[in-house]
Amino acid sequence: MRGNPDAVIVGSGPNGLAAAVTLSAAGLKVLVIEGAPTIGGGCRTEELTLPGFWHDVCSAAHPLALASPFFRRFDLPARGVRFASAPVEFAQPLDGGRAAVVTRSVEETAARLGADRRAYRNLFGPPARHMDQILPELLAPLRRIPAHPLAMASYGSRAILPAATVVRNWRTPEARAVMAGAAAHAMMPLTAVPTAGIGIMLVSLAHAVGWPVAAGGSARITDAMAEAVTEAGGAIETGRWVRSLAELPPATATLLDVSPKALISLGGDRLPSRYGAALRRYRYGAGVCKVDFALSGPVPWTNEDCRKAGTLHVGGTFEQMAAAEAEVAAGKHPERPYVLVVQAGVADPSRAPAGRHTLWTYCHVPAGSDVDMTAAIEAQIERFAPGFRDLILARSVRTAADEEAHNPNYVGGDIAVGMQTVRQTIARPVARWNPYRTPIRGVYLCSSATPPLPGVHGRCGELAALSALRDVFGLREIPDIGPARLPVKSTSPLSRTRYLLSRYRREPLMDPVRTAPA
Ligand SMILES: Cc1cc2nc3c(=O)[nH]c(=O)nc-3n(C[C@H](O)[C@H](O)[C@H](O)COP(=O)(O)OP(=O)(O)OC[C@H]3O[C@@H](n4cnc5c(N)ncnc54)[C@H](O)[C@@H]3O)c2cc1C
């Protein structure tokens, strides 16, 4: 890159890259600096076990990427990224060969739930039907009057509750297990608020868009983003950990895809003490221990439908999963943990040599744990899939402490970069009208420690970039981040100029937090 960049972005996770995509699309010269040897942060794919076995290092299931307004406008399919869905979106195996099974259809799913059929339909049907109205609100800071207040009120009235309260009158182990499996993604006890909100959002997304994997691996998503940045003239440097803002090349804006803990040390004396103290009060949650397997064949789940599922929540009944999560919150390592499993090969055979499979798993553990949970994870899978252990060709293990060592954003192994309490959902990481702006002029936080929430959706990065565009570059229009369909070379300079101008949307960007584009 010739000369100084207009904007420097520290970190190339999906949010750092979303910020880079947005700023590049506005015509700015962007430099992304990544500490790890490869780009992608929590959205990478590597041969973690054996050659030819491609494992998603972090994120694997992508309902949020598929539904995200940022990625819809970025247009992943036009950039060659394909999502692949399994016949069953997700399943929870139960003892005795039973299972709770969620497919794209609310009706089909509810039909298997006997006495809870109507309750299931009533809870998940409306948000699934109105996901296009609800999700833009959920994927923006909670600051404005929703564009669809009725749909939001109906979702919000239950979302604010603990998962345990929402299902207290449900009778079938299957229906209760669906809620437990989805709500436990919150990494909090199922008696805590707002675990129902996370559960309802995730189940409704399964019905509205599915829980696909990215064909070829999650890295395809971040690779497409990086390509858009470099095509627009931006540069990406890897293998350079930034320890202080003073190390960065001069730039008008700096966007940090880092944790609040890292912001404290990067900002040093430049951060006002009150803001620093508020960042220190930010609470991180439980960690994860992740185990990836190379298998000689598909997992032999006793229940046939589980063999067709992309994702599985393995932990038994609502009560068993709730007990495991409560133990983690109490600082213990459960003997029978709640295990998240993704069998990408069901939807995407390209992940392993013919006939072989990869298996992605993790369980929750106390923050900072260095305990290897492989034995407990294998025992839980073996419980519902006897013969599983015989298929294991190789394993790769990352304890919670290892997670943080690989990516400092995951403080104590907390992959959500902060507890998802009600307070930290509304005021993330601190209570400020614009949570992306830091008190240092031109410096923004753009990681998943800012609103809306963790996951691969790019909105934290996009909204931070829009804030920077308005504040320090004086640009009030939203750049078009869609793939460039440049006119053929023979087109006249005038029509090329017209085309480039047309890539800016006309509506003014008054305040990115209040008028976040959907
Ligand atoms: C095991 C695991 C499973 C997950 N599963 C899913 C899933 O299935 N679906 C889903 O949607 N989400 C999932 N997530 C969450 C998702 O990956 C994250 O929410 C998302 O990646 C956050 O994006 P980000 O850009 O904010 O941060 P990250 O993706 O964490 O990226 C931050 C980047 O910044 C770099 N960095 C940090 N500090 C510095 C520094 N000082 N100098 C230079 N570089 C720095 C890091 O190396 C990293 O590359 C999972 C995460 C993990 C770890």
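In listed order, ligands and their atoms are each counted from 1.
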> What residue and heavy atom of the protein are closest to atom 27 (O) of ligand 1, and at what distance?
D257 OD1, 3.4 Å
> Centroid-to-centroid, H364 to Y338, below 6.0 Å?
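Under 6.0 Å, so yes.
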> At under 4.0 Å between heavy atoms, which part of N407 makes contact with ligand 1: side chain, backbone, both or neither?
side chain
> Quick one: does ligand 1 sit under 4.0 Å from the side chain of V242, the backbone, both or neither, non-hydrogen atoms only?
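Answer for V242: both.
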> Check contact between W211 and ligand 1, using heavy atoms of the residue and a distance below 4.0 angstrom.
no
> Tell me which one of C460, G461, G42, G239 gets a heavy atom nearest to atom 28 (P) of ligand 1.
G42
> State yes or no: are the ring centers of F53 and F293 separated by less than 6.0 Å?
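Ring centres of F293 and F53 not closer than 6.0 Å.
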> From atom 5 (N) of ligand 1, work out which of S59, P14, G35, A61 has a heavy atom at the shortest distance.
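Checking each option, the heavy atom nearest atom 5 (N) of ligand 1 is found in S59.
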> Between L266 and ligand 1, which part of the residue brings a heavy atom under 4.0 Å of the ligand: side chain, backbone, both or neither?
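No part of L266 is near ligand 1 at this cut-off.
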> So do the side chains of P87 and T103 get within less than 4.5 Å of each other, counting heavy atoms only?
no
> Nearest to atom 19 (O) of ligand 1 by heavy atom, P408, G455, C58, S12: which?
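It is G455 whose heavy atom sits nearest to atom 19 (O) of ligand 1.
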> Are any of the side-chain heavy atoms of L263 and L256 separated by less than 4.5 Å?
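With C-beta onward as the side chain, the pair touches.
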> Relative to ligand 1, is R240 under 4.0 angstrom through side chain, backbone, both or neither, heavy atoms considered?
backbone
